[in-house]
Amino acid sequence: MGAAPFPAGILIAAVVFHATVVLSSFPATFHLERGITANHKLKLSKLKERDRVRHGRMLQSSGVGVVDFPVQGTFDPFLVGLYYTRLQLGTPPRDFYVQIDTGSDVLWVSCGSCNGCPVNSGLHIPLNFFDPGSSPTASLISCSDQRCSLGLQSSDSVCSAQNNLCGYNFQYGDGSGTSGYYVSDLLHFDTVLGGSVMNNSSAPIVFGCSALQAGDLTKSDRAVDGIFGFGQQDMSVVSQLASQGISPRAFSHCLKGDDSGGGILVLGVIVEPNIVYTPLVPSQPHYNLNMQSISVNGQTLAIDPSVFGTSSSQGTIIDSGTTLAYLAEAAYDPFISAITSIVSPSVRPYLSKGNHCYLISSSINDIFPQVSLNFAGGASMILIPQDYLVQQSSIGGAALWCIGFQKIQGQGITILGDLVLKDKIFVYDIANQRIGWANYDCSMSVNVSTAIDTGKSEFVNAGTLSNNGSPKSMPHKLTPVTMMSLLLHMLLLSFYLFL
């Protein structure tokens, strides 16, 4: 989020800790949620507009245990909604629903006496306000605190000579923003350790206390309590827990692509033999990768590799908060032309409000080609048709499928959002500056390890806690939880999408 269309940092569509420290490492598990409001149906143009707003929000500038958070909601890239998880902060612990954001660093929540913070949510979740004065374990962060200086280096914190409080002021390109101050308090979690449950484990975390929100952040239709930044900088929760020796400096996710939704987000490494890795581009505020080429049906497209180079105005970013996917302008037309030339004998091209679409009377898997995004180190991301197509509606008995990849006019930015990330394991190995992935059925269980350097295979069971924190079983697997009642609701809504 920022004043320019694509400056230094992305903040996903918005509207996002007792002194006991768990010894050694654990992969902390956060289940992802996508909240759906009952009366929202989005056309492709609306999805593009939502992503445009997201992209405009640029930030300027050895026991093994698992934390398990319940999933409440569904994932579907075609419906309005957000990834969020439930955290417990303060003393006594209070629930806060926060959006998962891999494009920003800071965890912040709405605080008492906040000006402009929403009080109701169309996601049907209770909104809370954090009050440092009512939590005896809370403390304010001063400008002289070393933790504040860490944020100053990445523009995640600012200091005021008037009150000596470490604060922040995030301004967003759509005119919205939030400002506030940092506090230290406890993040609470239940831990599965060696087959037993340790309740009420906690660790001190620095997070933002939002005192002012403006613009889109004030809207209640998709409101949550705050934003949970999963970036690389020192103010991120991932970095803070790693610096305390609590969890590895790595996290992973697996997003379900079907209508039942859900997914897994874990502080740790999902272990799967087919994962391929590519290096992160160094010294970048986001998760930038060096994409080198695009292949369609095994044929490399004639795109100058410099199009995918990383600079202040271009590069390839992994962003779990973007609904669709976006190609650098110079790569977009060759991509569309290659797809169209392959499928044109079997389908009828159809231009729908500027979107490249196709009328199809059979399965897209029988017609559309495989696409490969090729990265440094020989790592390729294989996309099936559902990874780059969006079904909009039906016309004359034929299904209308549109290219989900969009062109960013006048920009060299490529953004890989949920459309591409779903149905894949993604591992963000920050310690070793690499990202890995593998195609995967995210409704299946996964193995998780905290060992990113030692090669040890320490697999733990998560996703098996009931709502009251009692273990159900210990199969050494991490399994996503879904809500079937919302699935039925989603199935009904799907008939009306993009009409």
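The structure displayed is predicted, hence computed values, not measured ones.
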- Determine yes or no for a side-chain-to-main-chain donor-acceptor pair under 3.5 angstrom, with Thr414 supplying the side chain and Gly315 the backbone. no
- Below 4.5 Å, heavy atoms only, C-beta onward: do Leu373 and Leu416 meet side chain to side chain? yes
- Message: Do the side chains of Asp387 and Lys422 get close enough for a salt bridge, i.e. N-O under 4.0 angstrom?
- Response: yes
- Using the test side-chain contact (heavy atoms from CB on, under 4.5 Å), find all partners of Ala211 that sit at least two apart in sequence or belong to another chain. none
- Query: Between His188 (side chain) and Gly90 (backbone), is there a donor-acceptor pair under 3.5 Å?
  - Reply: yes
- Item | All salt bridge (Lys or Arg N to Asp or Glu O under 4.0 Å) counterparts of Arg94, not counting sequence neighbours | none
- Please identify each residue that fulfils salt bridge (Lys or Arg N to Asp or Glu O under 4.0 Å) with Asp234, with sequence neighbours left out. none
- Query: Among side-chain atoms of Thr178 and Ser210, is any donor-acceptor pair under 3.5 angstrom?
  - Reply: yes
- Query: Between Lys424 (side chain) and Val420 (backbone), is there a donor-acceptor pair under 3.5 Å?
  - Reply: yes
- Message: One pair to check against side-chain contact (heavy atoms from CB on, under 4.5 Å): Val98 and Leu107. What are the steps and the verdict?
- Response: CA-CA 8 Å; Val98 288; Leu107 166 65; 4.1 Å; yes
- Closest non-hydrogen atom pair between Gln391 and Ala399, with its separation: NE2-CB, 3.5 Å
- Donor-acceptor contact present, side-chain Ser121 to main-chain Arg222, <3.5 Å: no
- Query: What pairs with Phe130 under ring-ring contact (aromatic ring centres under 6.0 Å, His included), at least two apart in sequence or on another chain?
  - Reply: Phe207
- Do Tyr168 and Tyr181 have ring centres separated by under 6.0 Å? no
- Item | Considering all heavy atoms, the nearest Val183-Pro132 contact | CG1-CG, 4.0 Å
- Item | Atom of Val427, atom of Ile270 and distance for their closest heavy-atom approach | CG2-O, 3.7 Å
- Query: Is atom CD of Gln409 surrounded by more than 12 heavy atoms (other residues, nucleotides or ligands) closer than 6.0 Å?
  - Reply: yes
- Message: Are Val106 and Phe170 packed together at the side-chain level, in the sense that at least one heavy-atom pair is separated by less than 4.5 angstrom?
- Response: yes
- Can you measure from CZ (Phe129) to CZ (Phe96) and round to the nearest 0.5 angstrom? 9.5 Å
- His356 and Tyr332 aromatic ring geometry - parallel, tilted or perpendicular at 30°/60° bounds: tilted
- Task: Report the residue from Ile100, Val109, Thr85, Leu123 that forms a side chain to side chain contact (heavy atoms under 4.5 Å, CB included) with Val224.
- Result: Leu123
- Query: Got a donor-acceptor contact below 3.5 angstrom from the Thr102 side chain to the Ser320 backbone?
  - Reply: yes
- Item | Gln411 and Ser313: side chain donor to acceptor below 3.5 Å | no
- Residues passing the ring-ring contact (aromatic ring centres under 6.0 Å, His included) test with Tyr358, sequence neighbours excluded, are Phe368
- Item | Pair Asp145-Ser142, side-chain donor/acceptor within less than 3.5 Å | no
- Can any side-chain N or O of Arg249 pair as donor or acceptor with the backbone N or O of Gln232 at less than 3.5 Å? yes
- Query: Looking only at heavy atoms, what is the nearest atom pair of Asp319 and Ile415, with distance?
  - Reply: CB-CG2, 3.8 Å
- Is a side-chain N or O of Ser236 found less than 3.5 angstrom from the main chain of Ser239, in a donor-acceptor match? yes
- Can you tell me how far the CG atom of Leu89 sits from the CD1 atom of Ile205, to the nearest 0.5 Å? 9.5 Å
- Item | Check SG atoms, Cys166 and Cys159, less than 2.5 Å apart | no
- CG on Leu255 to CD1 on Ile425, rounded to 0.5 Å: 11.0 Å
- Message: Nearest 0.5 angstrom please: Asn115 CG to Leu212 CG, how far?
- Response: 5.5 Å
- Closest heavy-atom pair and its distance - Glu329, Ile408: CB-O, 3.7 Å
- Task: Report yes if the SG atoms of Cys143 and Cys148 are separated by under 2.5 Å, and no otherwise.
- Result: no
- Query: Once you round to the nearest 0.5 Å, how far does NZ of Lys353 lie from CD of Gln392?
  - Reply: 8.0 Å
- Task: Side-chain contact test, heavy atoms from C-beta onward, threshold under 4.5 Å: evaluate it for Val266 versus His253 and give yes or no.
- Result: no
- Item | Greater than 12 external heavy atoms within 6.0 Å of Asn120's CG | no
- Could you tell me which residues satisfy ring-ring contact (aromatic ring centres under 6.0 Å, His included) with Tyr350, sequence neighbours excluded, listed by chain and number? none
- Query: What pair of heavy atoms forms the shortest contact from Met235 to Asp156, and how long is it?
  - Reply: CG-CB, 4.0 Å
- Are the side chain of Asp429 and the backbone of Ile435 linked by a donor-acceptor contact shorter than 3.5 Å? no
- Short question: side chain of Gln244, backbone of Pro204 - any donor-acceptor pair under 3.5 Å? yes
- Item | Check: Gln406 side chain, Leu324 main-chain N or O, donor-acceptor pair, under 3.5 Å | no
- Taking side chain as C-beta onward, heavy atoms only, is Asp441 less than 4.5 Å from Asp423? no
- Task: Compare all side-chain heavy atoms of Tyr326 with those of Phe405 and state whether any distance is below 4.5 angstrom.
- Result: no
- Item | Sub-2.5 Å SG contact, Cys117 and Cys114 | yes
- Message: Side chains of Ile141 and Ser184, heavy atoms from C-beta outward: is any pair under 4.5 Å?
- Response: yes
- Query: So do the side chains of Ile403 and Phe335 get within less than 4.5 Å of each other, counting heavy atoms only?
  - Reply: yes
- Item | Test item: Ile317 and Tyr287 side chains (from C-beta on) under 4.5 Å apart, heavy atoms | no
